[in-house]
Amino acid sequence: MLDDKEVRRLLLRTAAMDEGSAEAFERLYRTCAPLLLGVAQRVVGRRELAEEVLHDGFGAIWRTAGSFDPVAGQPVAWMVAIVRNRAIDVRSSHDVSRVDSYHDALEDDPDGALDRLFDWSQDAGDNEDRRRASKWLRDCLGKLKAVERQALVLAYEHGLSHGDLAAHLRKPLGTVKTWVRRGMVNLRECVEACMVGPR
Amino acid sequence: MRIGNGTKLDALCGEYMLGTLRGAARRRFERALHEEPRVALQLRYWQALFAPRYSKMIELQPSPQGWKRLERELRLARYRAPWHSRAGFWRAWAAAATAMLALGVGFQLLRPAPEVAPLLEIAQLTGKVDVSRVTAKLSRDGRTLELRAARAVLAGPAQSYELWLLPAEGGAPVSLAVLGSLDARFALPPGQVGRLRTGAKLAVSVEPAGGSPTGAPTGAVILVGEITA
């Protein structure tokens, strides 16, 4: 499990851009590259493309480390967002057609993916806010309609567009768009209700 | 540019975060993200809300060339700490120096020792931190003192060790020798022969190269031991 505190420290050291920043950045790479490569691979599906995404992603992390907000941001999530965005761009510009392979994985166990892909365990190293946010997200994903949950998890994990989702789920584009939109609205409302409501 | 308000903006942020916002719409959103703080703020809200931790199961080992390529293309060498300020360098240096000292000591042991009167152990000098233990031996005629360190201890280029006698009857420490190494054999100053008696102590301090400038210990006393013979 990646230690957010250590990753945050390495990011800030990298952002200093002075003597010793390269060492911090190298440690950051050694610590986080395997996870980020896994994230990229899920989206682009081809190893050589995933390695390219990882390379570009770390280039962006090096250049933009100074814009990471250590107070507001989760450092691993911040890097995941950079790599996922890059992977989605690469996926859009390459003809990455992997609909069949999704289909097999999906038919097996649509909800199991959620727990295989993510680690919902309550890590003692997390602060209280992070622990609660993780619990609310898992609970609220569980409360969504199955089709909405499936659409959101597939889109997030594999970086699928509406078109990809429609092809994959064999549903009209409009239907899939509605699932995604409603899923996001419902998810947000549920998490917000958790925030204000009694726990 | 404006990309909508309220519900519309919120939906765009959600779909950008999720990844379903594509093509020209995605580019437009990214431009707005850089130009309009409210867009960045709204996106941050979504990212905080939807930040699941990926499982370790998805990890893949990057190719070994990956880091080298990054290091080259980002020209990271400019941001490396200079070699002399790196902890790793000094650790390696210390290990190498210790190994060379051990070799040196080994060769010295192989050399035939000069014929001298037999030596008797008179004291064990120890420090607060057990970095080393030094055995002091005195020749039967009381004129030659020998120090043997359990581990090689060598003074730095700007330092010397100074051996002091703390007389049994009290009084100021008396300098016996200025040394570069705690493995040494030397003749005692004629005035001190016969004063290394039970109850007196031997002590080693770290001094500037060449020994204490004042005639009394000025640096840290690293080893001390009572004479028992």
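Proteins come first, then strands; the chains are lettered A, B, ... in the order of their sequence lines, and each starts at number 1. What you see below is based on every heavy atom in this structure, not just the backbone, and it leaves out hydrogens, waters and symmetry mates.
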Check your understanding: Heavy-atom distance under 4.5 Å to chain B: side chain of A/W120, backbone, both or neither?
Key -> side chain

Exercise for review: Salt-bridge test for A/D89 and B/R27: reply yes if a basic N is under 4.0 Å from a carboxylate O, no otherwise.
Suggested key: yes

Point to revise | Partners passing side-chain contact (heavy atoms from CB on, under 4.5 Å) against B/V178 (at least two apart in sequence or in another chain) | key: B/S160, B/E162

Review point. Do A/L137 and B/P52 have side-chain heavy atoms sitting under 4.5 Å apart?
Key: yes

Point to revise | Best-contacting candidate, A/V191, A/I88, A/D18, A/L54, against chain B by heavy atom pairs under 4.5 angstrom | key: A/I88

Exercise for review: Could you pull out the closest heavy-atom pair between B/P62 and A/Y29, with the gap in Å?
Suggested key: CB-OH, 3.7 Å

Check your understanding: Which bit of B/R78 is near chain A, if near means a heavy-atom gap under 4.5 Å: side chain, backbone, both or neither?
Key -> neither

Review point. Can you tell if the side chain of A/H55 reaches within under 4.5 Å of the side chain of B/E73, non-hydrogen atoms only?
Key: yes

Check your understanding: In terms of heavy-atom proximity below 4.5 Å to chain A, should B/Q61 be classed as side chain, backbone, both, or neither?
Key -> both

**Study point:** Heavy-atom proximity to chain B below 4.5 Å, by part of A/A81
**Key:** side chain

**Study point:** Least distance between heavy atoms, A/A22 atom then B/W67 atom
**Key:** O-CH2, 4.4 Å

Review point. Going by heavy atoms in the side chains, are A/F25 and B/L74 under 4.5 Å from each other?
Key: yes

Review point. Do any N or O atoms from the side chain of A/E51 and from the backbone of B/S63 form a donor-acceptor pair under 3.5 angstrom?
Key: yes

Study note, to complete from the structure: Okay, B/A51 and chain A: the region with an atom under 4.5 Å from a heavy atom over there is both

**Study point:** Smallest separation among heavy atoms of A/G59 and B/L70, with atom names
**Key:** N-CD2, 4.1 Å

**Study point:** Proximity breakdown for A/Q74 and chain B, heavy-atom pairs closer than 4.5 Å
**Key:** neither

Study note, to complete from the structure: The interface call for A/S161 against chain B, heavy-atom contacts under 4.5 Å, is both

**Study point:** chain B interface, residue from A/A40, A/G38, A/G159 that has the most non-hydrogen pairs under 4.5 Å
**Key:** A/G38

Practice item. Report the option among B/R26, B/R22, B/M17 that has the most heavy-atom pairs separated by less than 4.5 Å from atoms of chain A. Key: B/R22

Review point. Between A/E48 and chain B, which part of the residue has a heavy atom less than 4.5 Å away: side chain, backbone, both or neither?
Key: neither

Exercise for review: Would you check if A/R188 and B/F50 make a side-chain contact, meaning some heavy-atom pair closer than 4.5 Å?
Suggested key: no

Review point. Quick one: does B/Y79's side chain get under 4.5 Å of A/M17's, heavy atoms only?
Key: yes

Exercise for review: Begin from the C-alpha positions of B/I58 and A/R116 and carry the test side-chain contact (heavy atoms from CB on, under 4.5 Å) through to its verdict.
Suggested key: CA-CA 9 Å; B/I58 72 158; A/R116 272 199 310 277; over 6 Å; no

**Study point:** Salt bridge flag under 4.0 Å for residues A/K177 and B/E15
**Key:** no

**Study point:** Selection from A/M184, A/R63, A/E26 maximising heavy-atom pairs under 4.5 Å formed with chain B
**Key:** A/E26

Review point. Of the listed residues (A/V185, A/L152, A/V39), which shares the most heavy-atom pairs with chain B below a 4.5 Å separation?
Key: A/V39

Practice item. Return the option, out of B/R69, B/M57, B/E71, with the maximum number of heavy-atom pairs under 4.5 Å with chain A. Key: B/R69

Review point. Relative to the ring of A/F118, is the ring of B/Y54 parallel (under 30°), tilted (30 to 60°) or perpendicular (over 60°)?
Key: tilted

Review point. Mind checking whether B/R80 and A/E23 have side chains closer than 4.5 Å, heavy atoms only?
Key: yes

Practice item. Rounded to the nearest 0.5 Å, what's the gap from NE2 on A/H162 to OG1 on B/T20? Could you check? Key: 4.0 Å

Review point. Just wondering, more than 12 heavy atoms not from A/R8 lying within 6.0 Å of its CZ?
Key: yes

Point to revise | Which of A/E157, A/E192, A/R181 touches chain B most, by non-hydrogen pairs under 4.5 Å | key: A/E192

Exercise for review: First locate atom CH2 of A/W136, then atom CG of B/L49, and finally report the distance between them rounded to the nearest 0.5 Å.
Suggested key: 9.5 Å

Review point. Taking side chain as C-beta onward, heavy atoms only, is A/V76 less than 4.5 Å from B/R53?
Key: no

